[in-house]
Amino acid sequence: MQFEVWAPLTGHVAMRLDDATYDMARDPDRDGWWFVEAPAADGSRYGFLLDGGSSAGGVVRPDPRGRRLPTGPDGLSAVVDFAALVPEPAAPGPRTPLQDAVLYELHVGTFTPEGTFDAAAARLAHLAGLGVTHVELMPVCPFPGRHGWGYDGVAPWAVHEPYGGPAGLARFVEAAHAAGLGVVLDVVHNHLGPSGNHLPAFGAYFTDTHHTPWGAAVNLDAPGSDEVRAYFLGSALAWLRDYRIDGLRLDAVHALVDGRALSFLEELAAAVDELAAETGRPLFLIAESDQCDPRTTTPRAEGGLGLHAQWNDDFHHALHCALTGESQAYYADFAEAPLTALAKTMTRAFFHDGTWSSFRGRTHGRPLDRRRTRAHRFLGYTQTHDQIGNRAIGDRLAASLSPGLLACAATVALTGPFVPMLFMGEEWGAGTPWQYFTDHPDPELAEAVRTGRRREFAAHGWKAEEIPDPQDPATRDRSCLDWAEPERPGHARLLAWYRTLVALRRTHPDLRDPDLAAVRVAHDEERRWLTFRRGDVRVVVNLSPDPATIALGRNGVRVLASWEPVHHPGPDGRIHVPGESAVVLAP
């Protein structure tokens, strides 16, 4: 088979394949590329030696495009035969469009105590029974050590071996498709981890022209950037093509510094649309962006980047403040009048749409045209890995809110205008935290992460001993879901409510209507209730501990579902809602 590598910075490249060494030749048609033909099969181990490294003492580096790293980021790559890995015919992927989707964010390493693809696949029946349509996997690229969040990955074409490697991921996707579930994968293009990154030895993958919170930026617009863009674009398409994954979540796209006329994101979106048309599969890209810029998801024909959806943190922040009363850091602007902020995000998507942001110390965002922007361009959620794990002790909403308020939160997210996304375990009010954990083998890096996190939260009044040690294996173990909880009475009741809400979204088209301009919201900031209308469906949420009487108008609606028992509205259109409860009504 032919092996090739882009290494423009070197004068000589050799390949070590099993016990043999092969000198590579320059590709006359592609500047900076080297190639060699050599006999290999599935599982063959290989790596590259740069600049005269054919001697016994040379450093053998893994293939930047390697699909498997059996011994981790610093070991040799291994050949993967995808024809043998993915069965033919494979189970067809779901045909659920994004507009009708309900996503479920899942971390493979803590979804089960085993922390593997196979163990996660064994729990897919729970997700199918819940009614979600797509599983969104947090990053699965290799990183040093066994346990981590995955955002320190260093090999964007490969799969973390402790999770099960490429074969494990292929089995998981096949099992999900067989269960009627799509798979979305979180990918990180804005940086690589601080340990185990071999890319700089091969070429100009990073540039000092720009800087990010993680150091030098990925090179998307400096000299050599054509190949770097092709590297990340090829990686993205490989997940969709080779593993039959149904969509990608793009981490922190605001950190992709790119000054070229044709941006990397636009180029990626066009390539994914082309692959979707070629395969007949509904593929999509979901961005994480803090820019509050509607151009992120505006179609390319209308001057936008053409990504298909984006996370909506403004919706989360407003809902979080309404539920908890928290007002620190970026919550400050939302906490002044949280129900007003929530009403704005539910009808206009962004809270910051050219308004003052005290957290940033400047105006932020850009208004969107809600008559043209579809609601399914945004994901709405009450919790995510970031919004839990980046708290000092990784506490979920269930740690501080009553079951009634958890039910209210679920009601807003699952009957609101945006594509809902759940974070694993929230559907039963998981009592386990989800904390920040790492497993860096480098002792200096491990200590830097440990002390840095404690220093960060000390500035907010936390004592060092109160902050979980990211390197302590117990921190990861505490973060694993307890699968005995869903059967316990309090948890089982909340789980039943989530199932009810997901089913209502599926059976009532008004709850999937993408017309953002049609959403109507009313609220009372002081009495802490909010009601909204989605077509003929009415939703009432009472966040106060006190009962509330709310006038819905003489529209003849009846109760479809309620967290606490509620009578149908009387002839006067008034409904009496118990404290900390939610009601869904329809004609």
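Note: hydrogens, waters and symmetry copies are ignored here, and every other heavy atom, side chains too, is used.
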Which atom names give the shortest non-hydrogen contact between [X] and [Y], and what distance separates them?
{"X": "Thr112", "Y": "Cys480", "result": "O-SG, 4.0 Å"}
{"X": "Arg300", "Y": "Gly306", "result": "CG-CA, 3.8 Å"}
{"X": "Val183", "Y": "Ile245", "result": "O-CG2, 3.3 Å"}
{"X": "His576", "Y": "Val566", "result": "O-CG1, 3.7 Å"}
{"X": "Val188", "Y": "Tyr151", "result": "CG2-CD2, 3.6 Å"}

Check: [X] ring centre within less than 6.0 Å of [Y] ring centre:
{"X": "Trp356", "Y": "Phe359", "value": "no"}
{"X": "His352", "Y": "Phe334", "value": "yes"}
{"X": "Phe264", "Y": "His189", "value": "yes"}
{"X": "Trp428", "Y": "Trp483", "value": "yes"}
{"X": "Phe418", "Y": "Trp311", "value": "no"}
{"X": "His317", "Y": "Phe351", "value": "no"}
{"X": "Tyr381", "Y": "Phe423", "value": "no"}
{"X": "His385", "Y": "Tyr436", "value": "no"}
{"X": "Phe350", "Y": "Phe378", "value": "yes"}

Please check if the side chain of [X] supplies one atom and the backbone of [Y] the other of a donor-acceptor pair under 3.5 Å.
{"X": "Asp524", "Y": "Arg527", "result": "yes"}
{"X": "Gln99", "Y": "His376", "result": "no"}
{"X": "Arg281", "Y": "Ala276", "result": "no"}

Does [atom1] belonging to [X] count more than 12 external heavy atoms closer than 6.0 Å?
{"X": "Glu487", "atom1": "CD", "answer": "no"}
{"X": "Glu302", "atom1": "CD", "answer": "yes"}
{"X": "Arg366", "atom1": "CZ", "answer": "no"}
{"X": "Glu466", "atom1": "CD", "answer": "yes"}
{"X": "Arg371", "atom1": "CZ", "answer": "no"}

Under 3.5 Å donor-acceptor pairs involving side-chain atoms of residues 120-138, not counting sequence neighbours:
{"unit_1": "His126", "atom_1": "NE2", "unit_2": "Glu427", "atom_2": "OE2", "d": "2.7"}
{"unit_1": "Thr133", "atom_1": "OG1", "unit_2": "Val102", "atom_2": "N", "d": "2.9"}
{"unit_1": "Thr133", "atom_1": "OG1", "unit_2": "Val102", "atom_2": "O", "d": "3.2"}

Flag this pair as yes if the NZ/CZ of Arg493 is under 6.0 angstrom from the six-membered ring centre of Trp563 and inside a 45 degree cone about the axis; otherwise no.
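Yes, a cation-pi geometry holds between Arg493 and Trp563.
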
Residue pair Met346 / Asn312, side-chain heavy-atom distance below 4.5 Å
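No, their side chains stay 4.5 Å or more apart.
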
